[in-house]
Amino acid sequence: MDEGTQESGCVGLDRHDLCPDAECCECCGRTSMLRATTFGTSLGVFCASVCATCLVAGRSPRWGVTRVVERVLDHCTHLGITVDQMAVLRAEWA
């Protein structure tokens, strides 16, 4: 079974190994110790690069609704799924 794939054969929405890394932390702007991670919102799951300090502190990027929607759609592309498929997977998590 492919890494990040759940027992049902569906991709895990928190999978971030397919997501590109940014050049700086998308929370504070630092350029070192970056890691791609995922964040769940009421609009969907998105990926972002954050530094170790922000990750440990539980910080997430402070974006408006439009930017979050764009990033949710980007994350769907990284995972090879549609936004409708993401909605179904999120409903299964609940």
Side-chain angles (χ1 to χ4, degrees):
M1 193 173 293
D2 191 21
E3 182 184 330
T5 305
Q6 300 171 350
E7 290 289 324
S8 65
C10 296
V11 68
L13 296 179
D14 58 349
R15 185 174 178 179
H16 51 78
D17 60 307
L18 301 172
C19 304
D21 293 322
E23 293 182 15
C24 64
C25 177
E26 296 182 81
C27 296
C28 72
R30 285 189 180 102
T31 58
S32 61
M33 299 188 306
L34 299 175
R35 175 181 169 194
T37 192
T38 56
F39 298 90
T41 71
S42 59
L43 300 171
V45 178
F46 68 88
C47 55
S49 292
V50 296
C51 69
T53 302
C54 288
L55 188 65
V56 169
R59 294 186 192 113
S60 61
R62 302 288 181 217
W63 295 328
V65 172
T66 302
R67 183 73 173 137
V68 171
V69 169
E70 290 171 348
R71 294 300 293 264
V72 167
L73 293 171
D74 289 345
H75 190 55
C76 287
T77 300
H78 303 156
L79 297 176
I81 63 174
T82 67
V83 71
D84 291 330
Q85 290 169 317
M86 178 181 276
V88 168
L89 290 168
R90 290 187 74 223
E92 290 175 0
W93 277 9

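All residue numbers refer to positions in the sequence shown, counting from 1.
At least one side-chain heavy atom of Leu89 sits less than 4.5 Å from a side-chain heavy atom of Ile81. For the pair Val83 and Leu73, the minimum side-chain heavy-atom distance is below 4.5 Å. For the pair Thr31 and Glu23, the minimum side-chain heavy-atom distance is 4.5 Å or more. Leu34 has its side chain within reach of Cys25: a pair of non-hydrogen atoms, C-beta onward, lies under 4.5 Å apart. For the pair Phe39 and Val68, the minimum side-chain heavy-atom distance is 4.5 Å or more.
Expressed to the nearest 0.5 Å, how far CZ of Arg67 lies from CG of Leu43 amounts to 14.0 Å. Rounded to the nearest 0.5 angstrom, Phe46 CZ and Glu70 CD are separated by 12.0 Å. Rounded to the nearest 0.5 angstrom, Met86 CE and Cys76 SG are separated by 3.5 Å. Of the inter-residue distances, the one linking Cys51 atom SG with Arg59 atom CZ reads 7.0 Å to the nearest 0.5 angstrom.
Taking hydrophobic clusters as Ile, Leu, Val, Met, Phe, Trp and Tyr residues chained together by side-chain heavy-atom distances below 4.5 Å, Val56 does not share a cluster with Val50.
Listed for the His78 side chain is no donor-acceptor partner under 3.5 Å among the backbone atoms of Cys19. Under the 3.5 Å distance criterion, the side-chain polar atoms of His75 are matched with a main-chain donor or acceptor of Leu13.
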Candidate pair Met33 and Leu55, rule side-chain contact (heavy atoms from CB on, under 4.5 Å), full reasoning: CA-CA 10 Å; Met33 299 188 306; Leu55 188 65; over 6 Å; no
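Ion pairing between a basic and an acidic side chain is recognised when a charged N comes within 4.0 Å of a carboxylate O; Arg71 and Glu26 show such pairing.
Here the closest heavy-atom approach between residue Pro20 and residue Ser49 is recorded as O-OG, 4.0 Å.
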